[in-house]
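Both ligands and their constituent atoms are indexed starting at 1 by order of listing.
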Amino acid sequence: MAEKAIRELTFDEPLLIERSVPGRVGYSLPQYDEKCSFGEAIPASYQRERPPVLPELSELDVMRHFVRLSRRNYHIDGGMYPLGSCTMKYNPKINEAMARLDGFGGLHPNLPVSYLQGALALIHELQNLLAEISGMHAVTLHPNAGAHGEWLGVRMIRKRLIERDGSPRKLILVPDSAHGTNPATCTLNNYKVVSLKTGPDGVLEPSEVERLMGPDVAGIMVTNPNTLGLYERNITTIAEIVHARGGYVYGDGANFNAVMGKVKLGKVGVDIMHFNLHKTFTTPHGGGGPGAGPVGVVSELEPLLPVPRVVKRDDRYELDFDRPRSVGRIRINFGNFGMHVRAYTYIREMGAAGLRAVTEMAVLNANYILSQLRDTYHAPHPELCMHECVLNDKKQAAHGVKTMDIAKRLIDYGFHPPTVYFPLLVRNALMIEPTETESKESLDEFISAMKAIAGEAESDPQLLTAAPRLTYTGRVDEARAVRQPILTWRSRGQEPS
Ligand SMILES: *Cc1c(COP(=O)(O)O)cnc(C)c1O
């Protein structure tokens, strides 16, 4: 047993290509027919002179290779993933079954509209459900991600201001607690960012907005609840100030898991918002699949939504391209449709009461963690939180232990680390979001691990500074991994060029 466990963790088995044995096959194809050669169709300059060197393996070898690789990755189906602001919740498998139904999974988006009626009905209903949940007037499902939704939202603000005043204005207010995609969105839309300081109790103050909201300011981007896990309780007053001066309020809905079914952002002054289906609505996140960032707007902005709009005329669903004020197309087809099927399944499965219960459990779980850890780790805002809580390494720093060491040591305890060093507002932050899908037992295991690590920080800090010990790689050079990624296979010993 023990040896097997170690084998799992050493990872120095031969790579796929090194297992190759000439002549071994894992497929069966029809006999190659000279007459069917593509020789004439492919220009000579593109033709290979020699067959490619590919690994020759049995199907079982290939299966084991990929399953082994998949086990090297941490994933929500394998363990708790308390990555703050990312809402890494369980993705129910019924979603997958629905997305794979032939009538959805086998559909081609270029089919005539008469063959797409079921899919268009689902899109239309999901748009309406999201509008209902958020209190927005209309929703588009086109954007591929939260960031794409933000980009579309600010694009619409820009277009609307040009329509209304002949000029888009120059600036946008972005709180200092914002996710990095907010300022990036402004820059991509040709706006300059004015950083808005968060008040001492972790929320925005109307007086700051009052001071900065000049005639050159197109609007404000607000994440509510914010990335400190606190509800922006002055949102209505702030929206009134922005509106009175001709600006628009963008609501970043990434943290919607904390207010769904409780607060309709459309009713507290938000003009445009995005949803992250891969956060709140249980579609796969990150490497698990493509994202989806639907955008909701108030009625004033509805004519600007991207084309085509899915509309219902009599009993038929149609694609409306005849929208002269639209910002245009922002991607091919209708968005990541498979994600729409999954999110729709989830919403219908939960119902209104279920979604409200999700919010309550998500907030309760985060508060449970905060209440259990705020004496062990420093909590800059130790009062009640929403869906996530923020701690830091202030108490452990005396032993030479930093946030990164705590995060890496958690891996040895079998947990994915929380979000670290974000929000920037909190020095060396550890941002924990358990989500509603974790049971009390898993929360307790996580809390025990965090407490054990705090104990080790005092008694044996080396355990933390050298962590992780039990993984294939230790600490990688994260900056280099991003800037100079090695994306192709190289034989052993061959140095990356
Ligand atoms: C995740 C997130 C985003 C960006 O969403 P993506 O879908 O990752 O592009 C924006 N704002 C906040 C607060 C987020 O947590």
For residues 297-307, which side-chain donor-acceptor pairs fall under 3.5 Å, sequence neighbours excluded?
{"unit_1": "E300", "atom_1": "OE2", "unit_2": "R160", "atom_2": "NE", "d": "2.7"}
{"unit_1": "E300", "atom_1": "OE2", "unit_2": "Y248", "atom_2": "OH", "d": "2.5"}

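Relative ring orientation between Y74 and Y81 is described as perpendicular, the plane-to-plane angle rising above 60° on a 0-90° scale split at 30° and 60°.
Checking only distances, A147 does come within under 3.5 Å of ligand 1, N or O to N or O. Geometrically, ligand 1 and T227 share no nitrogen or oxygen pair separated by less than 3.5 Å. Ligand 1 has no nitrogen or oxygen under 3.5 angstrom from a nitrogen or oxygen of N182. Checked against a 3.5 angstrom limit, the closest N/O atoms of G146 and ligand 1 fall inside it. By the 3.5 Å distance cut-off applied to N or O atoms, N255 is not counted among the residues near ligand 1. Below 3.5 Å of separation, one finds an N or O of H278 facing an N or O of ligand 1.
Counting only N and O atoms by type, the side chains of R158 and N190 include no donor and acceptor under 3.5 Å apart. For the 3.5 Å distance criterion, the side chains of E150 and Y250 fail to qualify, holding no donor opposite an acceptor. Using a 3.5 Å distance cut-off with no hydrogens or angles, the side chains of N257 and E436 do pair a donor with an acceptor.
Of all atoms in ligand 1, listed by their number and element, those nearer than 4.0 Å to a heavy atom of T181 are 3 (C), 4 (C), 10 (C), 11 (N). Atom numbering of ligand 1 starts at 1 in the shown order; those under 4.0 Å from a heavy atom of S85 are 13 (C), 14 (C), 15 (O). Counting atoms of ligand 1 from 1 in the listed order, those under 4.0 Å from a heavy atom of N276 are 5 (O), 6 (P), 7 (O). For ligand 1, the atoms lying closer than 4.0 Å to a non-hydrogen atom of A254 are 2 (C), 11 (N), 12 (C), 13 (C), 14 (C), 15 (O). The ligand atoms of ligand 1 that sit less than 4.0 angstrom from a heavy atom of T223 are 13 (C).
Using a 4.0 Å cutoff on heavy atoms, H148 does not count as a contact of ligand 1.
The residue from K279, H179, E433 that puts a heavy atom closest to atom 1 (C) of ligand 1 is K279. The heavy atom nearest to atom 11 (N) of ligand 1, considering only L277, D252, T419, is found in D252.
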Working for side-chain contact (heavy atoms from CB on, under 4.5 Å), residues M156 and K159 = CA-CA 5 Å; M156 287 191 286; K159 184 152 199 299; 5.6 Å; no

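In plain terms, the two heavy atoms of L116 and L111 that are nearest each other are CD1-O, 3.5 Å.
Put simply, CD1 on I369 and CD on E433 are 10.0 Å apart, with the number rounded to the nearest 0.5 Å.
Judged by distance alone, the side chain of N234 and the main-chain N or O of P206 form no donor-acceptor pair under 3.5 Å.
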